[in-house]
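Worksheet: one structure, shown below.
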Amino acid sequence: LVPLPSVPPPPPAPHTCQGLAPCLPEEGQVNTSGPRLLLATRHPASGSSAAMDRIVSALLLSLLLLLQSYGVCGAPPQPRGTLCRTKPTDLVFIIDSSRSVRPHEFEKIKVFVSQVIEGLDVGPNSTRVGVINYASAVKNEFSLKTYQTKAGLLQAVRRIEPLSTGTMTGLAIQFAISRAFSDSEGARVRSPNFNKVAIVVTDGRPQDGVQDVSARARAAGIEIFAIGVGRVDMHTLRQIASQPLDDHVDYVESYSVIEKLTHKFQEAFCVVSDLCATGDHDCEHICISIPGAYKCACKEGFTLNSDGKTCSACSGGSGSALDLVFLIDGSKSVRPENFELVKKFINQIVDSLEVSEKQAQVGLVQYSSSVRQEFPLGQFKNKKDIKAAVKKMAYMEKGTMTGQALKYLIDSSFSIINGARPGVPKVGIVFTDGRSQDYITDAAKKAKDLGFRMFAVGVGNAVEDELREIASEPVAEHYFYTADFRTISKIGKKLQMKICIEEDPCECKSIVKFQTKVEDLINSLQR
């Protein structure tokens with residue numbers, strides 16, 4: 001810790017930093033309101049372990065800062081991501097894969113379909129989804145009864161292939177009426193409690209009639225959205241769609257931008273109701289209703305916990321308690337010898353934690369083409385047992401389904417049944433060496449909306465845009481990259497630590513203790 005020369009302080013800028021929480025100056029300001037400290041480390045020698053040490057050093061500093069700040073009251077509660085309940089719906093996508101739709105464009109349609117599915121409440125008693133693929137003929141890719149989970153649907157969408165012949169749109173809509181929305185294919189009896197919706201995606205002029213068959217579909221209670229792409233015939237879209245046309249007809253200039261319609265359809269399926277008034281919420285203290293959703297708040301003297309629902313008293317806080325889950329890429333591109341380095345990386349971080357039932361808990365998840373929980377939070381009560389379990393972890397190989405792994409982290413790893421503690425900070429560390437083979441956007445956003453602190457570590461062919469998408473804000477402090485397992489590369493921006501010095505001597509004593517702990521940690525890692 002190297003003291004910098006003193007400079008005359010400018011007029012103090014107001015800030016909301018309290019207690020031991022790190023105080024970050026506003027953009028364009030320089031923090032000179034007290035002794036300034038620069039964290040100085042030497043550059044380690046080349047080698048795989050040196051590269052890992054630099055990443056581990058930065059991660060450990062971030063985690064230590066995190067542990068310091070979580071026991072403090074005074075920062076405004078984190079906003080809770082809106083929880084939109086979708087009305088139970090029988091939804092059928094009718095997608096054009098005629099020869100005018102090129103293979104890479106068809107992949108964009110699949111991305112759009114997947115992203116709409118991501119925003120739905122999928123299940124036998126909620127929303128059911130089917131897909132019809134058409135060209136000169138019609139292919140029922142899967143029916144409303146085929147898949148009852150979101151994961152199953154997304155995997156099925158990825159397997160769809162284009163038919164690459166003509167454009168029989170009317171035939172496809174007739175198939176939806178007579179087959180896709182039939183009882184035998186999983187459609188439910190028409191009722192005010194259920195919606196029947198078809199989304200038609202096409203890019204050309206149909207080779208058959210659509211007006212009469214679309215009218216029959218609407219008369220049967222099917223709400224039809226029509227999406228046109230490129231050189232589509234707009235008159236055809238208006239013949240297909242339900243009223244009002246402004247709400248049911250959409251046009252995009254190319255398949256590369258069809259994803260921008262995702263948000264519209266996620267909102268379209270959202271039930272607009274006062275969830276607070278109906279009691280359909282999980283808020284411990286205060287429920288604040290917004291259209292079709294809600295957010296939670298706490299009474300005076302309490303702060304909102306990372307789960308966005310429960311509250312903790314300001315005077316108590318969670319101290320150094322932490323629920324930490326590693327999400328480790330075990331795909332075949334990592335290779336066995338490098339997978340051993342990944343295990344070392346995990347155990348270096350475990351070494352820095354105070355593991356106990358009341359302090360840090362650690363969980364470990366490995367993923368490739370599937371997701372496997374190695375051990376849940378709280379299974380092991382001390383560092384020795386955790387490190388032994390990490391060393392025994394078997395290498396999975398196969399693909400890289402990062403999105404699926406993030407969903408598992410949200411739905412399972414940080415659930416109470418898997419050892420997570422209510423009101424305790426949740427931290428996820430994602431380690432990957434390649435491009436994800438599925439979609440990560442919604443899962444990455446949801447993890448952060450739920451208050452999880454997400455770190456992203458990438459090696460080799462890891463896609464930096466994906467790492468940034470996973471990482472919490474500020475991204476520079478939560479995202480790390482090195483070129484490969486054997487050589488050192490510049491790891492983004494250097495982690496900078498800003499410390500707010502309070503005048504309370506008790507606070508100063510705590511800060512000195514914290515600084516000493518960081519210095520000892522750095523020295524240990526460099527040795």
Side-chain angles (χ1 to χ4, degrees), residues 86-98 101 109 112-113 116-117 120 126-147 153 157 160 163 165-229 232-252 258 261 264-269:
T86 57
K87 184 177 181 179
T89 302
D90 289 343
L91 171 63
V92 175
F93 291 92
I94 304 174
I95 56 177
D96 177 358
S97 67
S98 58
V101 183
I109 299 176
F112 164 72
V113 171
V116 173
I117 291 172
L120 302 174
S126 47
T127 295
R128 304 177 186 180
V129 180
V131 173
I132 296 171
N133 184 10
Y134 78 94
S136 294
V138 178
K139 182 180 180 183
N140 190 30
E141 294 290 350
F142 53 86
S143 64
L144 294 168
K145 67 180 181 181
T146 308
Y147 299 103
L153 287 170
V157 170
I160 297 175
L163 301 176
T165 50
T167 311
M168 302 294 285
T169 309
L171 182 64
I173 296 172
Q174 180 58 51
F175 183 91
I177 299 170
S178 58
R179 176 89 178 267
F181 283 107
S182 66
D183 295 346
S184 61
E185 294 299 314
R188 288 164 282 197
V189 177
R190 185 174 176 181
S191 161
N193 298 323
F194 296 97
N195 291 334
K196 291 184 182 295
V197 177
I199 299 177
V200 181
V201 182
T202 183
D203 79 332
R205 184 184 297 273
Q207 296 171 324
D208 58 354
V210 299
Q211 185 171 3
D212 292 343
V213 70
S214 298
R216 290 197 299 273
R218 295 192 298 267
I222 301 171
E223 182 180 9
I224 307 177
F225 292 88
I227 300 175
V229 183
V232 68
D233 177 41
M234 294 301 296
H235 179 65
T236 297
L237 297 181
R238 288 190 285 270
Q239 288 181 330
I240 293 171
S242 297
Q243 293 287 343
L245 293 179
D246 286 347
D247 294 337
H248 292 83
V249 176
D250 287 283
Y251 171 79
V252 291
I258 193 171
L261 295 177
K264 169 195 170 169
F265 284 97
Q266 289 176 341
E267 286 188 339
F269 294 120

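- Partners of Arg218 by salt bridge (Lys or Arg N to Asp or Glu O under 4.0 Å), not counting sequence neighbours: none found.
- When the side chain to side chain contact (heavy atoms under 4.5 Å, CB included) test is applied to Ala226, the partners found at least two apart in sequence or on another chain are Leu237, Ile240, Ala241.
- Proximity of a side-chain donor or acceptor of Arg128 to a complementary backbone N or O of Gly186 within less than 3.5 Å is detected.
- At least one side-chain heavy atom of Phe93 sits less than 4.5 Å from a side-chain heavy atom of Leu91.
- For Phe225, the ring pair (Phe, Tyr, Trp, His ring centres under 6.0 Å) criterion is met by His248, Phe265, not counting sequence neighbours.
- You'll find the side chain of Val92 stays beyond 4.5 Å of the side chain of Val131, heavy atoms only.
- Within the 4.5 Å cutoff, the side chain of Val197 has no heavy atoms near those of the Ile222 side chain.
- For Gln174, the side chain to side chain donor-acceptor pair (under 3.5 Å) partners at least two apart in sequence or on another chain are Arg216.
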For Leu245 and Asp247, run side-chain contact (heavy atoms from CB on, under 4.5 Å): C-alpha distance rounded to whole Å, both residues' side-chain angles, the deciding distance at 0.1 Å, then the answer. CA-CA 5 Å; Leu245 293 179; Asp247 294 337; over 6 Å; no

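- Side chains of Val201 and Ile94 form no contact here, defined as non-hydrogen atoms less than 4.5 Å apart.
- Qualifying side chain to side chain contact (heavy atoms under 4.5 Å, CB included) partners for Ser184, counting only residues two or more places apart in sequence or in other chains: Ser182.
- Within the structure, every pair that satisfies the salt bridge (Lys or Arg N to Asp or Glu O under 4.0 Å) test and touches residues 192-203, not counting sequence neighbours, is listed here: Asp90-Lys196.
- Taking the salt bridge (Lys or Arg N to Asp or Glu O under 4.0 Å) definition, one finds that Asp233 meets it with Arg205, sequence neighbours left out.
- With sequence neighbours left out, the side chain to side chain donor-acceptor pair (under 3.5 Å) criterion links Ser98 to Asp96, Ser100, Thr167.
- Applying the side chain to side chain donor-acceptor pair (under 3.5 Å) test to Ser242 and every residue at least two apart in sequence or in another chain returns nothing.
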May I have the list of side-chain donor-acceptor pairs in residues 135-142 shorter than 3.5 Å, sequence neighbours left out?
| unit_1 | atom_1 | unit_2 | atom_2 | d |
| --- | --- | --- | --- | --- |
| Ser136 | OG | Thr165 | OG1 | 3.3 |
| Ser136 | OG | Gly166 | N | 2.6 |
| Glu141 | OE2 | Asn133 | ND2 | 3.1 |

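- Contact of the Ile227 side chain with the Val200 side chain is not registered, since no non-hydrogen atoms from C-beta on lie closer than 4.5 Å.
- Scanning all heavy atoms of the two residues, the minimum distance from Val232 to Gly204 falls at CG2-O, 3.9 Å.
- By the side chain to side chain contact (heavy atoms under 4.5 Å, CB included) test, Gln239 pairs with Val210, Gln211, His235, sequence neighbours left out.
- No donor-acceptor contact under 3.5 angstrom links the side chains of Ser97 and Tyr134, judged on distance only.
- The nearest pair of heavy atoms linking Pro206 to Thr169 is CB-OG1, 3.6 Å.
- In this structure the side chain of Val229 never reaches within 4.5 angstrom of the side chain of Tyr251, judged on heavy atoms.
- Taking CZ of Arg179 as the reference point, atom CD1 of Ile132 lies at 9.0 Å (rounded to 0.5 Å).
- With rounding to the nearest 0.5 angstrom, the CG atom of Asp212 is 11.5 Å from the CG atom of Asp208.
- The CZ atom of Phe181 sits 11.5 Å away from the OG atom of Ser143 when rounded to the nearest 0.5 Å.
- By the salt bridge (Lys or Arg N to Asp or Glu O under 4.0 Å) test, Lys145 is found to be paired with no residue, residues two or more places apart in sequence or in another chain being considered.
- For the pair Pro88/Arg188, a side-chain contact is recorded, criterion being any heavy-atom separation below 4.5 Å from C-beta on.
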